[in-house]
Participant: 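Structure below; questions to follow.
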Protein chains: 2
Amino acid sequence: MINYTNELRQHNLKATPQRLAIVSALHRAGHLNIDSLYALMLKTFSSISLATIYKNMHLMIENSFIEEIKIPEQKSVYELTKSAHSHLVCKTCGLVEDITLNMSDILNETTSKSHFVISKTDLVLSGYCKDCQ
Amino acid sequence: MINYTNELRQHNLKATPQRLAIVSALHRAGHLNIDSLYALMLKTFSSISLATIYKNMHLMIENSFIEEIKIPEQKSVYELTKSAHSHLVCKTCGLVEDITLNMSDILNETTSKSHFVISKTDLVLSGYCKDCQ
DNA sequence: CTGACTGCAAACGTTTTGCACGGTA
DNA sequence: TACCGTGCAAAACGTTTGCAGTCAG
């Protein structure tokens, strides 16, 4: 199990036990919504507060340590910040998976068809995972 | 101003004045969040209830008459269902615009890199519109 | 030692519900 | 006329806040 103490400090965040637990839960699970994260945390911190979870999520999002992913017809999930990528979501079981796709054609097409300057692309591909097809 | 009476009925929805007003507001504005929609509705229906708005949104989403678009760091907006397309969002002024992009390369790449069967793609391109650059 | 973090409880904003009345088909 | 839809008020829900005590650095 990786120790995130230094990473947290580099993002101006104190390495409290609760925070370390949140981060390593995200590391292990990949993607978690608030409820699942809270449920996981309760296993090790029986008295952790939902307020603590929310406060930490905001703080870590502000400091770009984690990111929120909004998903159609599902609750948002959170993940540790990594290099840009897209998401696969299973409509049946809710599984969320990362996938790295080449966006350059899309961005070129956007530039030629609009007057927007794009700084971020969020792509969610919904369908059915291997097990649910 | 287009009359949506028949379209509503085709989707098993009675054409009430409130519902017609919601639909034509969406038609005119293109994309609206709940607050803006409610504010607009109050101009013509001074006693319309937020509960009515919510009930209608759900009903019309279930019947595929309208769709919710989830946007990073902004409130969701709603639009009349049209053929598949992506969205441009301005980080400064919040403007949401439709854009039709060719997704076939992305879908092919996804098929070759994963075991998901994709049925829907949601792409939000965030950046700066012509006026806000 | 000091400021930041935690847990609790209360507050808050948003969305949902139940119900009596009113309107569409 | 029969049912569906509306508006109101209350309830439920998820999230945020204030505060006193605790802990990391």
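Letters A, B, ... are given to chains in the order of the sequence lines, protein chains preceding strands, and every chain is numbered from 1. Both backbone and side-chain heavy atoms feed into the values below; hydrogens, waters and symmetry mates do not.
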Participant: Would you kindly give the CD1-to-C1' distance between I34(A) and dC13(D), to the nearest whole Å?
Facilitator: 14 Å
Participant: To the nearest angstrom, how far is L8(A) atom CG from dA24(D) atom P?
Facilitator: 13 Å
Participant: For V77(B), what are the other residues in its hydrophobic cluster, where any two members join if their side-chain heavy atoms are less than 4.5 angstrom apart?
Facilitator: I69(B), I71(B), V89(B), V96(B), V124(B)
Participant: Are Y128(B) and L95(B) linked, directly or through intermediate hydrophobic residues, by side-chain heavy-atom contacts shorter than 4.5 Å (ILVMFWY only)?
Facilitator: no
Participant: From CE of M57(B) over to C1' of dT16(C), roughly how many Å is that when rounded to an integer?
Facilitator: 15 Å
Participant: Check the distance between dA4(C)'s P and L59(A)'s CG and give it to me in whole angstrom.
Facilitator: 11 Å
Participant: Indicate if L20(A) and F45(A) have the same hydrophobic cluster label, given that clusters are the connected sets of ILVMFWY residues with side-chain heavy-atom separations under 4.5 angstrom.
Facilitator: yes
Participant: On the nucleotide dG7(D), are OP1 or OP2 found under 4.0 Å from the side-chain N or O atoms that Q18(B) carries?
Facilitator: yes
Participant: Between I106(B) and M103(A), what is the shortest heavy-atom contact and its length?
Facilitator: CD1-SD, 4.0 Å
Participant: Send over the distance from L20(A) CG to dC5(C) P, rounded to a whole Å.
Facilitator: 12 Å
Participant: Can you name the ring-ring contact (aromatic ring centres under 6.0 Å, His included) partners of F116(A), sequence neighbours left out?
Facilitator: none
Participant: Whole angstroms only, please: what is the OH-P distance between Y78(A) and dG14(D)?
Facilitator: 13 Å
Participant: Near DNA chain D, counting only heavy atoms under 4.0 Å, which residues of residues 35-51 of chain B show up?
Facilitator: S47(B), I48(B), S49(B), A51(B)
Participant: Side chain of N56(A) only, heavy atoms from C-beta on: which candidate in dT14(C), dT6(D), dT6(C) is closest?
Facilitator: dT6(C)
Participant: Minimum heavy-atom separation for G30(B) and E79(B), please, with both atom names.
Facilitator: O-CB, 3.3 Å
Participant: Measure the distance from CD1 on I53(A) to C1' on dT6(C) and round it to the nearest whole Å.
Facilitator: 11 Å
Participant: May I ask you to verify whether the side chain of K55(A) and the base of dG7(C) hold a donor-acceptor pair under 3.5 Å?
Facilitator: yes
Participant: Please report, rounded to the nearest Å, how far the P atom of dA4(C) is from the CG atom of N12(A).
Facilitator: 11 Å
Participant: Once side-chain hydrogen bond (donor to acceptor under 3.5 Å, both in side chains) is applied, what residue pairs with a partner in residues 37-51 of chain B remain, sequence neighbours excluded?
Facilitator: none
Participant: Pull out every protein N or O sitting under 3.5 Å from an N or O of nucleotides 23-25 of chain C, one pair per line with the distance.
Facilitator:
| from | atom 1 | to | atom 2 | distance (Å) |
| --- | --- | --- | --- | --- |
| dT24(C) | O2 | K14(B) | NZ | 3.1 |
| dA25(C) | OP1 | R9(B) | NE | 3.1 |
| dA25(C) | OP1 | R9(B) | NH2 | 3.1 |
| dA25(C) | OP1 | A15(B) | N | 3.2 |
| dA25(C) | OP2 | R9(B) | NH2 | 3.0 |

Participant: Applying the 4.5 Å side-chain criterion to the ILVMFWY set and letting contacts propagate, would V117(A) and L123(B) be lumped into a single cluster?
Facilitator: no
Participant: Kindly list each side-chain donor-acceptor pair under 3.5 angstrom involving residues 9-18 of chain B, sequence neighbours excluded, with atom names and distances?
Facilitator:
| from | atom 1 | to | atom 2 | distance (Å) |
| --- | --- | --- | --- | --- |
| H11(B) | ND1 | N63(B) | O | 2.8 |
| T16(B) | OG1 | R19(B) | N | 3.2 |

